[in-house]
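Below is one structure, written out as structure tokens; comments come after it.
In the text below, chain A, chain B and the rest are named by the order of the sequence lines, each starting its count at 1.
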Protein chains: 2
Amino acid sequence: MPRHRVTQTDVAALAGVSQATVSFVLSGRTPSGVRISEETRQRVLDAIRITGYSVNPVAQRLAGGHNQILGVFTYETTFPRGGRDFYGPFLVGIEHAAEQIGVDLLLFTSARVVEGSRRLTRSGWQRLGIADGCLLLGQHEERAELQHLLDTNYPFVFLGRRESEGGRLPYVGADYLAATKRATERAADLGHRRIGYVGPTGSDEPTSDRLSGYRALMAERGLPTQFIDPADPGQTASEIAERQLSAVLLAPEVDPDELCRALAGRGISVPDDLSVLLLGQPHHRLPGPTLWSGFTIPREQMGARALLLLSRLAGTAGAREDESTTDLHQLLECTEVAGETLTAPRAPDGSANRLPAAPEQERNNA
Amino acid sequence: MPRHRVTQTDVAALAGVSQATVSFVLSGRTPSGVRISEETRQRVLDAIRITGYSVNPVAQRLAGGHNQILGVFTYETTFPRGGRDFYGPFLVGIEHAAEQIGVDLLLFTSARVVEGSRRLTRSGWQRLGIADGCLLLGQHEERAELQHLLDTNYPFVFLGRRESEGGRLPYVGADYLAATKRATERAADLGHRRIGYVGPTGSDEPTSDRLSGYRALMAERGLPTQFIDPADPGQTASEIAERQLSAVLLAPEVDPDELCRALAGRGISVPDDLSVLLLGQPHHRLPGPTLWSGFTIPREQMGARALLLLSRLAGTAGAREDESTTDLHQLLECTEVAGETLTAPRAPDGSANRLPAAPEQERNNA
DNA sequence: ACAATGGGATTATGCGCATTATTAGCGGGT
DNA sequence: ACCCGCTAATAATGCGCATAATCCCATTGT
């Protein structure tokens, strides 16, 4: 620890005023009818410059103020070992935004781990208090905990759409519904009629949004929906063959490379026999050489937007008040990827019909 | 903010003791001859359990204690955009270690950025005080700042070997010297005699360690050293051809893929005409398909070890006192990679040693 | 009987800041 | 003279904890 850091008291002494005055000048606020003359203000400012004073964030926070620290709580290990990196892209955006608005980031790595997932226990969430607010990200969050957090009035933002009673839970998510619907539409527009959905059918928001998008488009076109649970790649491949699907949508939980191998083993090649559309970056591994069609989740942008929103909610300085941080519930557009795994289906007679996918408008997330 | 968190005073009231007693029981320490009876201790412990008390890290820190937060300061953006990810692997190790010993991680993203590199200004380093100690990582650190930090007696650890007067600066680095020497030796053992070093020749520790390793082995074997500055890939390739090198060591600053392309343009193929050894993971891009020979830097391990060391220096609870955290200056062994870009050199007469040489036309594209 | 221990806990204080309540000075209206 | 209103600032307090200083009381020694 530094040998006696410069405190407001030191500054006050130099400027010939009281510590409180220094505090007022620094904060710029004068809540209870306190007035500071311009002359005094300048004297204090000079003293600050001379002494090189800078606020002690810890004391600041203890005294009930803000300390320009925003927390990041991940329900799973933030940086998993062995390559699989789910949070990385989010963090990129988060860090970038943090740098922009000048806040520090506190990673809550000390939370107790229960069954491979971090838990926000009472003692755990007390720690959140260090930060002005907290970003929550993860797939295995506990509803009860969230509810509790909401009740405490502590500012936080969830990364990913999450429903809550009264919509009190702020979030920044990706519009899976629209993106999935659009992906399905692309397949349908090319002439596919037997379009299957491969992925879990849970009730969590990302999954149910994807399912809704798929169902909506299929209903619009009067096509039958087909769901396959990706328990085992071989099993999945067999079902695809059996049902004679000509296109499949793959949830991120499915490993496309693995599935492709299983399909190849059954004489089905992608995209000649089967078009494949990814509904977001797959969780499983680093991107392989295949350029998958479908869409990607704008993770960096989500991270950045979430931090900006949190910053506003937490009343952190540097928070901008522009339109991008106004809405408590933000859904960002996913990025459509043309890719090379989507083609028109074979004609009913079995002859190949290899029209390359129309080049889609590709947008880059910042 | 929580509606009145449970404080030590609350616990004390319930247990029928004073706040100080609670503090003593919690810390386990009794610095000034204070004694607590076992019975009282139990009563306090029970009260803690009942109330669900957990310490307020902010107050704890302000009062001069530890708060189980360790800082991470990176001189460059921690998570760079656009794929290039230098710190990622370190962070993986750091986070893992942090989880192990139960500390939170504070990322100092608010530091002022000057010329693309973060700076530890006075106001910046005052913020470090939030944490019990701080990990420093980066390539463009400022010596003066480090010196200043040392003087303040604030606990920190540098990630990467850094010299300092009196060896007062604790660090955890990789043994580039030994690893480079060994890489050079592998080439020499295969019969290479014209072994060049491609990379910057600055005086920073990583670079100078690599150079020393190279020089040492070449001297041992009585071979002439040859240095090439990698200003431009084409230029570099030309020089390699001109000097008729049969093997080159590549510093991480060099992009091996790019160089390879330039070499191919001059009719030099790797590894048939030229063996290539990487002295650590290249900075430039995501790993391509080529399996480069050479060595890799154990980044995860370095991160973890550094955090463990820091934890001990900072006196953080949970810090283990085993041999791995005892030494203030730790050099970790690099991982040797066999790879596929190292082969025996062509025989002196010019006939191919492995594969028949395909006489190539030399092209100039300066 | 009384001072000298020493175990067992308390009181008091301060960390650096935010904030509320309060004070001091001063000109003008009556 | 007195109160009023207004400006300009200060004193006081508390956030929750660590810790030094202190205190109380039952034993023990002489």
To the nearest angstrom, how far is [X] atom [atom1] from [N] atom [atom2]?
X: A/N67; N: C/dA18; atom1: CG; atom2: P; value: 11 Å
X: A/R35; N: D/dG5; atom1: CZ; atom2: P; value: 17 Å
X: A/F24; N: C/dA18; atom1: CZ; atom2: P; value: 10 Å
X: A/Q60; N: C/dA18; atom1: CD; atom2: C1'; value: 9 Å

Any idea which of [options] is nearest the [X] side chain?
X: B/A63; options: D/dG16, D/dG14, C/dA9; result: D/dG16
X: B/T21; options: C/dA9, C/dC17, D/dA18; result: C/dA9
X: A/V34; options: C/dT10, C/dC17, D/dT10; result: D/dT10
X: B/S37; options: D/dA12, C/dG8, D/dC17; result: C/dG8
X: B/A20; options: D/dA18, C/dG16, C/dT11; result: C/dT11

Quiz item: Is A/L70 close to A/L135 at the side-chain level, that is, under 4.5 Å between some pair of heavy atoms?
Solution: no

At 4.0 Å (heavy atoms only), tell me whether [X] reaches a base, stays on the sugar-phosphate, or touches nothing.
X: A/S23; result: base
X: A/T40; result: sugar-phosphate
X: B/V17; result: sugar-phosphate
X: B/L62; result: base
X: B/S27; result: nothing
X: A/V55; result: sugar-phosphate
X: B/S18; result: base

Quiz item: Are the charged groups of A/R49 and A/D46 less than 4.0 angstrom apart, N to O?
Solution: yes

Practice problem: Might you point out which heavy atoms bring B/A111 and B/R118 nearest each other, and give the distance in Å? | Solution: CB-CD, 4.1 Å

Exercise. Provide the closest heavy-atom pair for A/P170 versus A/H329 in the form atom of the first, atom of the second, distance.
Key: CA-CD2, 4.1 Å

Practice problem: Indicate the ring-plane relationship of B/F158 and B/Y75, choosing parallel, tilted or perpendicular according to the 30° and 60° boundaries. | Solution: parallel

